[in-house]
Amino acid sequence: MGFFILLLLFPSLFLLFNFLKWALIKRHQDCYILSYECYKPTDDRKVSSKFSGEILARNKNLGINEYKFLLKAVVSSGIGEETYAPRNILKGKEESPSSKDSLEEMDEFFKDSIEKLLSKSKISPQEIDILVINVSMFASEPCLASRVVNHYKMRDDVKVYNLSGMGCSASLISISIVQSVFKHEKERYALVVTSESLSSNWYTGNDRSMILSNCLFRSGGSAILLTNKWGLRKKAMLKLKCLVRTHHGGRDDSYGCCMQMEDSVGRLGFHLSKNLPISAARCLVDNLKELAPKILPTKEVVRFVLAVMARRFFSGPNKQAGNKPSINFKTGVEHFCIHTGGKAVIDGLGENLKLSEYDLEPARMTLHRFGNTSAGSLWYVLGYMESKKRLKKGDRVLMVSFGAGFKCNSCLWEVVRDLDGCDNVWKEFIEDYPPKNLANPYLEMFGWIQNEDASTFPEDHEAKMNYYQEKMN
């Protein structure tokens, strides 16, 4: 009898041992956000609509047709009056940027946001185990990550990752790297720093596919502190539940729809092709196909599958596109953190995900107040939600971002505790949002351009500047 008991006991103990081993390992693989800091440049770097016009007027290569195109673009952009630009642009040095300009732009961001984040979290730079920095369009030697390590005198064994060329979805790629490291190392702190360098990437030519980026991109950035320390889980703000990355770089049209390149006369800029909306929609669909089963209730997934099957078998060959069944992401998500790539991007995501104006408000307000800050934009959107006291314990937040390549990355966070947003980048002006009217004064200020033609608008740059000043006064 005892022999049979032992036969049963040993497998049970073996299973119990492996379960406990798995549980102990699993709990250290979780990824938590302890705190994050969004960068607000100083007020002397604000770009009003009047000053935007002055920057455009300085461009010797723009003609009346380019002015009309830019006016139409900026009026419908969703950008407000208080976004920020690099100092060399404000000083009129956009045609002759230097590496020093870019480094000073990055240093100003690093020293402000990283120091505020570490001070707020009461974490020493020497406690950081993993450092991930992403700045897509500027690569220095030594790299920017080394610059941060040197400035803060971090430990010799800090794991450093320096990303470039990843575009507006780079911050979620950085989170993915941290998540991967956390799976193999326990009790770690990770610092993710995400921004974009505009100092050396302001386009001064007249190619319409490249001057559009000047209307949307603005200075900004974010620093995020993460950990997998089990003992800090209750102090955390958010817990990562799921992250999905989709890359369509194998498709030529997707690969070339967003690209840093030179125009026909050699001026460096950022090209946005007409294929961009199609490539973005296709990449989003593929990403959501993988994401939905991981974050939505089984009931909703089954309902959607049955609806698709019913349409396929009963609608016949003449089924209408407008009757396509859609999946309801609100069954598994309370808040939507959308990349502020522009008004068209926000509208498109809202339509695809069937979101309300309440859901889209954080992205629209972020675009209005800070512009498109590239990979850092998601965290400004999150900050808006937090400041509006929307994020309650147990809520789920879906982040969706796009990037050159072409990429669509998304992740789901769970709110660990009620967040009050009393000390983030929005705190000084959150009461003014949303404003009653998002219309910017560009049309009123520069509407006279619409009545100009080649016969009334001077070609000579000096004469053009004088004519412009007369009209503005």
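Any value given below was found using the heavy atoms of this structure, including those in side chains, with hydrogens, waters and symmetry copies removed. Note that the coordinates shown come from a computational prediction; the quantities given were computed from them, not determined experimentally.
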Exercise for the section: Run the salt-bridge test on K60 and E95 with the 4.0 Å N-O cut-off and return the result as yes or no. Expected result: no

Exercise for the section: Determine, step by step, whether Y67 and F457 satisfy the ring pair (Phe, Tyr, Trp, His ring centres under 6.0 Å) criterion, reporting the C-alpha distance in whole Å, the side-chain angles of both residues, the deciding distance to 0.1 Å, and the verdict. Expected result: CA-CA 11 Å; Y67 275 110; F457 199 72; 5.5 Å; yes

Exercise for the section: Return yes when atom CE of M261 has more than 12 non-hydrogen atoms of other residues, nucleotides or ligands closer than 6.0 Å, and no otherwise. Expected result: yes

Practice task
Check whether any side-chain heavy atom of L378 lies under 4.5 Å from a side-chain heavy atom of L382, and answer yes or no.
Solution key: no

Problem - Within 6.0 angstrom of D453 CG, more than 12 heavy atoms from elsewhere - result: yes

Exercise for the section: With side-chain contact (heavy atoms from CB on, under 4.5 Å) as the test, would you mind laying out the steps for H151 and E115 before giving the verdict? Expected result: CA-CA 11 Å; H151 177 76; E115 287 181 13; 3.6 Å; yes

Exercise for the section: Say whether, by atom type as modelled, one donor and one acceptor occur between the side chain of S176 and the main chain of L172 under 3.5 angstrom. Expected result: no

Practice task
Enter the distance from K407:NZ to F402:CZ here, rounded to the nearest 0.5 Å.
Solution key: 12.5 Å

Problem - Side-chain donor/acceptor of N134 to backbone N/O of N162, under 3.5 Å - result: no

Problem - Ion pair check, E37 and K120, cut-off under 4.0 Å - result: yes

Exercise for the section: Taking the side chain as every heavy atom from C-beta outward, state whether N201 and S199 have any pair of such atoms under 4.5 Å apart. Expected result: no

Problem - is_close_aromatic(F336, F329), centroid dist under 6.0 Å - result: no

Handout entry: pair S98-D101: side-chain heavy atoms closer than 4.5 Å
Key = yes

Practice task
Give the minimum heavy-atom separation between L90 and K46, together with the two atoms involved.
Solution key: CD2-O, 4.5 Å

Practice task
Provide the closest heavy-atom pair for T340 versus G371 in the form atom of the first, atom of the second, distance.
Solution key: OG1-O, 3.6 Å

Problem - Charged N-O contact under 4.0 Å between K239 and E414 - result: no

Handout entry: Heavy-atom side-chain proximity of T331 to N328 below 4.5 angstrom
Key = yes

Exercise for the section: Look at the side chain of Y380 and the backbone N and O of Y39, then say whether any donor-acceptor pair between them is shorter than 3.5 Å. Expected result: yes

Exercise for the section: Check the surroundings of atom CD in E262: do more than 12 heavy atoms from other residues, nucleotides or ligands lie under 6.0 Å from it? Expected result: yes

Exercise for the section: Please round to the nearest 0.5 Å and tell me the distance separating atom CG of L131 and atom CG of L144. Expected result: 10.5 Å

Practice task
Validate the cation-pi geometry between R390 and Y358: distance from NZ or CZ to the six-membered ring centre under 6.0 Å, angle to the ring axis within 45°.
Solution key: yes

Let me have the donor-acceptor pairs involving side chains of residues 217-226, under 3.5 Å, with sequence neighbours excluded, atom names and distances please.
from	atom 1	to	atom 2	distance (Å)
R218	NE	T83	OG1	3.0
R218	NH1	N214	O	2.9
S219	OG	R45	NH2	3.2
S222	OG	G376	O	3.3

Completion exercise
Correct closest heavy-atom pair for S200 and L268 would be O-CD2, 4.4 Å

Handout entry: Sub-4.5 Å side-chain heavy-atom contact between P41 and E108
Key = no

Problem - Non-hydrogen side-chain atoms of I89 and L198 separated by less than 4.5 Å - result: no

Handout entry: T373 side chain near E196 side chain, heavy-atom distance below 4.5 Å
Key = no

Exercise for the section: For the pair S174 (side chain) and A170 (backbone), establish whether a donor and an acceptor sit closer than 3.5 Å, ignoring hydrogens and angles. Expected result: yes

Completion exercise
To the nearest 0.5 Å, atom SG of C31 lies from atom NZ of K241 at 12.0 Å

Exercise for the section: Please confirm whether the backbone N or O of I79 pairs with a side-chain atom of K343, one donor and one acceptor, at under 3.5 Å? Expected result: no

Problem - N-O pairing of K116 and D112 below 4.0 Å - result: yes

Exercise for the section: Could you tell me whether a side-chain N or O of K294 sits under 3.5 Å from a main-chain N or O of L412, the two making a donor and an acceptor? Expected result: no

Handout entry: Sub-6.0 Å ring centroid separation between F370 and W379
Key = no

Problem - salt bridge (charged side-chain N to carboxylate O under 4.0 Å, His left out) involving D359 - partner list, sequence neighbours excluded - result: K330

Practice task
Would you confirm whether N372, through its side chain, and L216, through its main-chain N or O, come within 3.5 Å as a donor-acceptor pair?
Solution key: no

Handout entry: Straight-line distance of S195 OG to M106 CE, nearest 0.5 Å
Key = 4.0 Å

Exercise for the section: Measure the shortest side-chain to side-chain distance between F69 and I211 over non-hydrogen atoms and say whether it is less than 4.5 angstrom. Expected result: yes

Practice task
For side-chain contact (heavy atoms from CB on, under 4.5 Å), just list the numbers for L398 and H335, CA-CA rounded to whole Å, side-chain angles, deciding distance to a tenth of an Å, and then say yes or no.
Solution key: CA-CA 6 Å; L398 176 63; H335 309 284; over 6 Å; no

Problem - Over all atoms of both residues, closest heavy-atom pair of M154 and P125 - result: CG-O, 3.6 Å

Fill in the blank from the handout: Between H339 and the options S169, S377, S401, the side-chain hydrogen bond (donor to acceptor under 3.5 Å, both in side chains) test singles out S377

Practice task
Might you point out which heavy atoms bring S52 and V47 nearest each other, and give the distance in Å?
Solution key: OG-CG1, 3.1 Å

Completion exercise
The reported gap from CG in D207 to CG in N61 (rounded to nearest 0.5 angstrom) is 11.5 Å

Problem - R369 side-chain N/O to E82 backbone N/O, donor-acceptor pair under 3.5 Å - result: yes

Practice task
Measure from the side-chain N and O atoms of T456 to the backbone N and O of E452, and report whether any donor-acceptor pair falls under 3.5 Å.
Solution key: no

Practice task
Keeping the roles fixed (side chain from S254, backbone from F406), state whether a donor-acceptor pair exists under 3.5 Å.
Solution key: no

Practice task
For atom NZ of K389, decide whether the heavy atoms of other residues, nucleotides or ligands shown that lie under 6.0 angstrom number more than 12.
Solution key: yes

Exercise for the section: Check the pair T204 / N59 against side-chain hydrogen bond (donor to acceptor under 3.5 Å, both in side chains), numbers first and verdict last. Expected result: CA-CA 6 Å; T204 57; N59 190 340; 5.8 Å; no

Practice task
Return yes if a side-chain donor-acceptor contact under 3.5 Å exists between E361 and Y384, otherwise no.
Solution key: yes

Fill in the blank from the handout: Rounding to 0.5 Å, atoms OG (S197) and CH2 (W202) come to a distance of 12.5 Å

